[in-house]
Amino acid sequence: MTQSADTLIYAPWIIPVVPQNEVYRDHAIAIRAGKILDILPAQQAELAFDFDTAIRLNDHILIPGLINTHTHSAMTLFRGMADDLPLMEWLSEHIWPAEKRWVSEEFVRDGARHAIAEMLLSGTTCFNDMYFFPDQVGQAAIESGIRAVLGLIIIDVATAWARDAHEYFVKGERVHDEFRNHPLISTCFAPHAPYTVGDQALARIATLAEEMDIPITIHLHETAQEIDESFAKTGERPIQRLKRLGLLTPRLLAVHMTQLQDREFDELVRYGAHVVHCPESNMKLASGACPVARLDELGINVALGTDGAASNNDLDMFSEMRSAALLAKLSSGDNTAIAAHRALEMATVNGARALGLDDDIGSLQAGKAADIVSIDLRTPALQPVHDPVSQVVYCASGRDVSNVWVAGEPVVANGKLTTLDTQAILRQSASWATRISTG
Ligand SMILES: [Zn+2]
């Protein structure tokens, strides 16, 4: 008996990510109502399903949609504005003044739309954002068809988004309510960092995150200076302070974590917190190297993020995977650390797990959403193919992505966005660059 499917997508190689280290040869993915029905040998699929559309992608690899577990989408408009500086100088002398001058509803909407265009075109189907005006990020995401986790930012600084802690919380909860029923949008508390959020607000976040059942993302242990200053001010290392305030739980996504002591590894294991590794941002700002190989060995869930375009400077999760694999080997002195398939897990299922979305996304499996990316191998840099996983992690870039589906909807077709007007976005961003440079 045949089953009905909306679409069959065939490719010579499909990397499902789960099960681990598996590659399906000459298979097809059957999709119905935005979900994966089955993945089976191509010939069987054609017999088993009545389908509306069949897409044959010869010379392609299919992977799950990539998950950018930490970014600041609107900062694309600050790309390349202040490079080659240490973190605190970069933040306090360049980024924060520029944000004070420019961040508005319009800035965030245009910057997020630009970032989403870049992310979709390079195979990212879900991103975890931290920025002001998360409602605007949410609108841009809905317009584009990407999946998004909107960071409800909390910071002890008055901005165009909110004047004080009270207003940050009120507006954050309003954003949570506004988007709570959208199938592609969820929210996450996003306290900026231990050095910019006080004890009272952090403790309140711990309580509310539990009540609202959402994760918490925070920049943590990014630099040695952060640890020294925290110790001088409070007598505690930042992670100890978070533990005391009730934030060290499986809800926590600790972003960066370049500075860790032995007992802190044990605590991450004991409390089940997740680490989000941003290797390119850490290298560019010379913040240090997150000890990913050791975290991974201990079974701590490590996801990957690009961070914002002002400290990377792109949002390409392919280069982030490669950087994560290479930096892990260099910094651990172990050339077997973070093998290619592990790097791909970090960019997919580990991100989903950290965000509490792993029932729906992160791997190509029956019952999960059809968030799928195809990589076109018809280019010298991607030939010949001995090992498709190696090709994806060590050779491919976002520019090799040809098609992207989110919940079964084609959002990139033959390298072009189907939902957003790329040329209009580029014109808008160029006009922002002119405004910003002329002050
Ligand atoms: Zn960041």
Side-chain angles (χ1 to χ4, degrees), residues 67-83 85-92 94-96 98-99 103 108 111-112 115 118-119 124 126-134 137 148-157 159 161 188-197 205 215-223 225-227 238-239 242 247 252-259 273-290 292 302-317 319-320 323-324 327 346-347 351 354-355:
I67 300 175
N68 187 346
T69 309
H70 176 66
T71 190
H72 312 276
S73 59
M75 291 183 83
T76 43
L77 297 178
F78 293 145
R79 187 194 319 264
M81 207 181 66
D83 291 330
L85 296 166
L87 175 70
M88 285 324 291
E89 186 183 339
W90 174 76
L91 269 179
S92 55
H94 299 273
I95 296 302
W96 287 342
E99 287 183 331
V103 170
V108 173
E118 180 179 356
M119 287 192 278
T124 292
C126 177
F127 68 106
N128 180 27
D129 202 55
M130 177 195 279
Y131 214 61
F132 312 103
F133 298 95
V137 180
V149 181
L150 308 177
L152 311 177
I153 191 163
I154 308 284
I155 185 167
D156 288 345
V157 180
T159 61
W161 170 239
C188 173
F189 268 111
H192 171 262
Y195 56 91
T196 49
V197 186
I205 289 167
I216 303 168
T217 301
I218 187 167
H219 295 117
L220 190 64
H221 289 210
E222 182 169 4
T223 61
Q225 189 187 348
E226 173 193 335
I227 313 278
I239 195 169
L242 294 194
L247 279 87
L252 188 73
L253 281 72
V255 181
H256 297 308
M257 300 299 264
T258 72
Q259 318 288 323
H274 309 268
V275 170
V276 184
H277 180 36
C278 302
E280 295 190 349
S281 175
N282 293 155
M283 288 194 280
K284 183 157 183 278
L285 294 164
S287 301
C290 175
V292 172
V302 181
L304 273 188
T306 58
D307 216 347
S311 66
N312 185 300
N313 290 359
D314 60 53
L315 304 179
D316 183 345
M317 286 293 289
S319 70
E320 215 64 40
S323 296
L327 181 60
M346 288 164 65
L355 294 165

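Indexing begins at 1, ligand by ligand and atom by atom, following the structure's order. Note that the structure is predicted; figures quoted are calculated from it, not measured.
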Notebook entry, point to check: Measuring to the Zn ion (ligand 1), does His219 have an N/O/S atom at a distance below 2.8 Å?
Noted result: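 A backbone or side-chain N, O or S atom of His219 is under 2.8 Å from the Zn ion (ligand 1).
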Below 2.8 Å, any N, O or S contact between Cys278 and the Zn ion (ligand 1)?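 Here the distance criterion (N, O or S atom, under 2.8 Å) is not met by Cys278, so no.
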Do the side-chain N and O atoms of [X] and [Y] include a donor-acceptor pair separated by under 3.5 angstrom?
| X | Y | result |
| --- | --- | --- |
| Tyr131 | Glu99 | yes |
| Asn68 | Glu320 | no |
| His70 | His256 | no |

Notebook entry, point to check: Ion pair present between Arg79 and Asp314, side-chain N to carboxylate O less than 4.0 angstrom?
Noted result: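 Result for this pair is no, no salt bridge flagged.
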From the N, O or S atoms in Asp307, identify the one nearest to the Zn ion (ligand 1).
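Asp307's closest N, O or S atom to the Zn ion (ligand 1) is named OD1.
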